[in-house]
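Values reported hereafter were calculated over all heavy atoms of this structure, with side chains retained and with hydrogens, waters and symmetry mates removed. Every chain is numbered from 1, with letters handed out A, B, ... down the list of sequences.
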Amino acid sequence: MTDFLLDLNDVQRQAVRATEGPVMVLAGAGSGKTRVITYRIAWLIKNGYASAKNILALTFTNKAAGEMRHRVDVLLQQGSAGGLWIGTFHSIFARLLRNDIHLLGYDRNFSIFDADDSKSLIRQSMGELNISPDSVPLNTLQGIISRAKNSFILPEEFRRSAGDYNQQIAAKVYDLYTRKLRENNALDFDDLLIKPLELFREHPMVLEALQDTFRYLLIDEYQDTNKAQYLAAKMLSAKHRNIFVVGDDAQSIYSWRGADISNILNFQDDYTDALTFKLVENYRSTGTILQAANSVIRNNLRQIKKELVSHRSAGDPLTLIEARNERHEAEKIGEYIHSIRIEKGYEFRSFAVFYRTNAQSRVLEDLMRQNRIPYKIFGSVSFYKRKEIKDAVAYLRFLLNDRDSESLLRIINFPPRKIGETSIGKLREFAEAEGITLYEAITRADEGQFQSRLVNSLKGFSSLIEALRLLAETGTVYAVLTELFSLTSIPLLLKEENTAESLARHENLQELLSMARDFSDNNPDQGSLGDFLETISLASNYDESQDSDNYVSLMTVHASKGLEFPVVFITGLEERLFPLNCYEPEQLEEERRLFYVAMTRAQEKIFLSWAQTRYLYGQPQYCLKSMFISEIDSSIVKTESGTVLADRKERQGTRNAVPESGGYRQRPAGAVSAPSQKPRESGLREGSTVHHAVFGQGTVLDVQGRGAGQKALIRFRNAGEKTLMVQYANLRVL
DNA sequence: GCATATGCTGTTTTT
DNA sequence: CAGCATATGC
C-alpha cells in the first residue's frame with residue numbers, strides 16, 4: 001500500500017500520510033504541490049480512510065481542478081475516483097446551493113451574474129438612488145461592494161460601519177443592489193461564496209449534513225483565499241477537523257480580489273494543533289534562477305521565510321535587455337527567440353513572454369506576426385464575453401429563470417423587434433403598477449395601454465420564449481439552441497452581413513452550438529440546461545490548457561501562475577509598470593511576489609527587459625529601470641554584451657537615474673516630460689496638507705526617512721490613515 | 001428606434 | 001490609444 005509513495009520525497013510523503021487533523025503544506029514554486037494533494041487523495045481512498053464521495057478538494061481554477069481529477073484517476077487506476085468532489089470554490093458552492101437555496105428564498109434555477117451583469121445592476125441601483133457616477137465612479141462602487149462581500153460583510157453591517165462619504169454611498173447602493181439581485185433570482189460571483197455562509201448560519205442542519213459528508217477537506221492555493229472562503233472552509237471542516245491546505249505565501253498575488261494573505265500566515269494560530277510541512281526542494285529551475293528568485297523575495301518583510309533549493313545545476317546567468325522603446329524591446333525578444341531556437345534547438349513552445357498589463361501585448365503580438373513567429377495570447381477576450389455568445393446565452397438563461405431581467409433586456413430587442421427604450425420604459429411602469437415582473441408585463445401586454453404595434457411585437461416575443469421553454473423542458477441543450485437559432489435567424493443575419501467581423505461572430509455561434517452538442521451527448525439526462533449554463537458562467541478563458549500546437553505563449557504574469565517554460569521573457573521592467581503604480585508598502589510587496597512568480601516559471605533561462613520610453617494612453621513617457629532588477633544578485637545578471645552587472649561600472653545610480661537626455665536620437669515625438677521622479681526634496685513635513693490622486697486630500701502625520709525610501713503617514717479626509725511611499729505616491733503639497 | 005459622433009477614462013482579473 | 005457610455009441627429 002505504500003509503494004506508490006516511493007515517488008515522493010520525505011517531506012512530501014510525511015504530508016501525504018498525516019491524514020488526521022489540520023495540516024498546512026507550504027509549497028514553494030515547483031516543489032510538487034499538486035503531486036502532494038493528488039497522492040494524498042489517492043492515499044485516503046486506497047487505505048480506506050474515506051471513500052471518494054467523502055473527500056472535497058477545492059481549487060481556484062477549473063483547469064487546476066481538472067488536472068487534479070485526472071491525476072487522481074491515474075493513481076487509482078480502477079476509477080474509484082468517481083464521486084470525488086473536486087472543483088473550484090465557485091462551482092462546488094453553486095452545486096450545493098442548487099440543493100438548498102430555497103431555504104434562503106431563492107429558486108434553484110437562479111442565474112449567475114457575471115461582472116458585467118453585476119455592473120449593470122449597480123448602475124441601475126445608482127440611478128434609482130440619484131447617485132451620479134461623477135461623485136463615486138461605478139467601478140469604485142463595484143470594487144467596494146465586492147470587497148465587502150468577499151469579507152462577508154452584509155449590507156446591514158456595512159451600513160453601520162460605513163465611515164467616509166464613499167462608504168456611505170456604497171452602503172446605500174450595496175443594499176439596493178442586493179435586493180435587486182434577489183428580485184432577479186440571481187447570484188453574483190461573490191454570492192456563490194457568501195450565500196453558503198448565510199445558509200450555514202441560518203440552517204445549521206444543512207451545515208451538519210455537509211460536515212458529515214465531507215470528512216476530508218483539501219484546499220489548493222490557500223494563500224489566495226478570501227475571508228468568505230476562509231470561513232466556509234473553517235465551518236465545513238469544524239466537525240472532523242481534517243483540513244489540509246496547500247499554498248505559498250510568496251505567490252499570493254490576488255489581494256486586490258480580496259485574497260487575504262493572513263489566512264496562510266496565521267494558519268498555525270488558527271489551528272494551534274496544526275502540522276506544518278515546508279516543501280522547498282525545487283525540481284523545475286536551474287540553481288541560478290532560484291538564486292535570483294530568492295534574492296528578490298528576501299526583500300519582503302511580510303512572509304514565511306523559506307529558500308528554494310535547486311535539484312539542478314547552476315545554469316546560465318539571467319540576461320538583461322535594455323531597449324529604446326517597447327517596439328525595440330519586442331524586436332529584441334523576437335531576435336532572441338529566433339537565435340536561441342536555432343542555436344539551442346528549442347521549439348517555439350519552449351518560450352513564454354510575460355507582461356504586467358494586457359495593453360503591452362499589442363506591440364508584442366504585432367512583432368510576432370511580422371516575424372512569422374507562431375504565438376498564442378492567453379486570456380484575451382473570453383469566448384463567453386463576446387457579444388453574440390452573451391446574447392445566445394441570455395436566451396438560455398432566461399428560459400430557466402424568467403425573473404432574470406438582465407438577460408431579458410439583452411434579448412427583448414435582439415434581433416431587432418422594434419421594442420426600444422421608450423417601450424421598455426412603459427413596460428416597466430406597467431409592471432410596477434401591477435406589481436408583476438417585467439416578463440409577466442410582456443405576456444399581459446394587451447391589458448396595458450400600449451399601441452397595438454407594440455403589443456404585437458411583445459406577443460411575438462413571448463410566444464417565441466414559450467415555444468423554446470416547452471422545448472427546454474424535454475429537449476436537450478443542443479435542441480434548444482438549434483431551435484433558437486432557427487426561430488430568431490441570429491446566425492443567418494450575421495452570415496448575410498458578410499463582413500469579416502460578422503463572419504467571425506457567426507463562427508463563434510457555431511462553436512457554441514458544437515459545445516452544446518458535446519454537452520448534450522455527455523449529459524443526455526433532462527434538466528441539464530442549468531448545468532450547461534453553470535459550466536459556461538463559471539468557465540474562464542484561462543482554463544484552456546496548452547494544446548499540441550507549437551507556439552510562443554504570451555500572457556500576463558498573473559496568468560502565468562502554475563505554468564512553466566524553458567525560456568521566459570519578463571518584459572516592461574520599469575518603475576510604475578512593474579512594479580505598477582503602488583502607493584502603499586504592502587502593494588509593493590505584492591508586486592514583488594508577482595515578479596517572483598514570473599521568475600519561478602522559468603526552467604532554463606530568464607530574460608529581463610525594460611524600455612527607456614513607452615507609450616502610455618497614447619502619450620510617450622520616459623521610463624526608469626525597475627527596482628526589481630537591482631534586487632537580483634548582480635553577479636548572476638549579465639547584459640546583452642555579456643558583461644556581468646556586478647562588474648559594470650555604472651555611470652549613474654541604478655535606482656533613480658533619468659535616462660541621459662540627448663543620448664537617444666528618438667526623442668518621443670511631441671515629448672511630454674516624464675513624471676519627475678528624481679529624489680528631490682519632497683517638501684513634506686508633519687502638518688503639510690497634500691493631495692493624492694486616489695485618496696484625495698489629507699494631512700501628513702509623520703515622515704520617516706528621506707530620499708528613495710521615504711515614507712509618510714497621512715490621514716486622508718475620505719480614505720483614512722495610510723502609510724505611503726513618497727517616491728511613488730505622487731503627492732501634491734498644497 | 002436606430003445609427004453615428006463625441007467625450008471620458010483607464011493599469012493587474014482565478015470565478 | 002482604445003473601449004465604453006452617453007449625446008445627438010435622422
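Rounded to a whole Å, the CG atom of A:N139 is 12 Å from the C1' atom of B:dT13. Distance, A:F60 CZ to B:dT13 P: 17 Å, rounded to whole Å. The distance between atom NE2 of A:H90 and atom C1' of B:dT14, rounded to the nearest whole Å, is 9 Å. Rounding to whole angstrom units, CG of residue A:D116 and P of B:dT13 are separated by 15 Å. Going from atom CD of A:E326 over to atom P of C:dC1 covers 13 Å, rounded to whole Å. Put simply, CD on A:Q621 is 16 Å from P on B:dG10, counting in whole angstrom units. Rounded to a whole Å, the CG atom of A:N62 is 9 Å from the C1' atom of B:dT14. In this entry the distance linking OH of A:Y617 with C1' of B:dT11 reads 5 Å, nearest Å.
Partners of A:D404 according to the side chain to side chain donor-acceptor pair (under 3.5 Å) rule, which considers only residues two or more places apart in sequence or in another chain, are A:S111, A:R397, A:S407. Residues forming a salt bridge (charged side-chain N to carboxylate O under 4.0 Å, His left out) with A:K195 (at least two apart in sequence, or on another chain): A:E198. Annotation: ring-ring contact (aromatic ring centres under 6.0 Å, His included) contacts of A:F519 (sequence neighbours excluded): A:F532. Remark: A:N109 pairs with no residue by the side chain to side chain donor-acceptor pair (under 3.5 Å) rule, at least two apart or across chains. Judged as a side chain to side chain donor-acceptor pair (under 3.5 Å), and not counting sequence neighbours, the contacts of A:E590 are A:S255, A:R593. Taking A:N139 as the reference, A:K119 meet the side chain to side chain donor-acceptor pair (under 3.5 Å) condition, with sequence neighbours excluded. When the salt bridge (charged side-chain N to carboxylate O under 4.0 Å, His left out) test is applied to A:E591, the partners found at least two apart in sequence or on another chain are A:R356.
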Where do N or O atoms of nucleotides 2-4 of chain C meet protein N or O atoms at under 3.5 Å, pair by pair?
residue : atom : partner : partner atom : Å
C:dA2   : OP1  : A:R362  : NH1          : 2.2
C:dA2   : OP1  : A:R362  : NH2          : 2.9

Extract from the structure each pairing of a protein N or O with an N or O of nucleotides 1-7 of chain B at less than 3.5 Å, listing the distance.
residue : atom : partner : partner atom : Å
B:dG1   : OP1  : A:T422  : OG1          : 2.4
B:dG1   : OP2  : A:G420  : N            : 2.7
B:dC2   : OP2  : A:N413  : ND2          : 2.9

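Within the 4.5 Å cutoff, no side-chain heavy atoms of A:I112 are placed close to those of A:H90. Contact annotation: the side chain of A:L427 approaches that of A:I412 to within less than 4.5 Å [non-hydrogen atoms, C-beta and beyond].
Remark: A:K426 fails to qualify as a cation-pi partner of A:F430 under the 6.0 Å distance and 45° angle criteria applied to the six-membered ring.
Within the structure, every pair that satisfies the salt bridge (charged side-chain N to carboxylate O under 4.0 Å, His left out) test and touches residues 246-261 of chain A, not counting sequence neighbours, is listed here: A:D248-A:K306, A:D249-A:K306. Note on residues 89-98 of chain A: pairs passing salt bridge (charged side-chain N to carboxylate O under 4.0 Å, His left out), not counting sequence neighbours, are A:R98-A:E534.
Contacts between residues 246-257 of chain A and DNA chain B, defined by a heavy-atom separation under 4.0 Å, are made by A:Y254, A:W256, A:R257.
Comparing A:F189 and A:P137 against DNA chain B, the residue whose closest nucleotide sits nearer the 5' end is A:P137. Of the two residues contacting DNA chain B, namely A:T357 and A:S537, the nearest-nucleotide position lying further toward the 5' end is that of A:T357.
Of the candidate nucleotides B:dT14, B:dT13, B:dG10, B:dT14 has the atom nearest to the side chain of A:A259.
Contact check, A:T556 against B:dT13: a side-chain N or O comes under 4.0 Å of OP1 or OP2.
For the P atoms, the distance linking B:dT13 with C:dC4 amounts to 15 Å, nearest Å.
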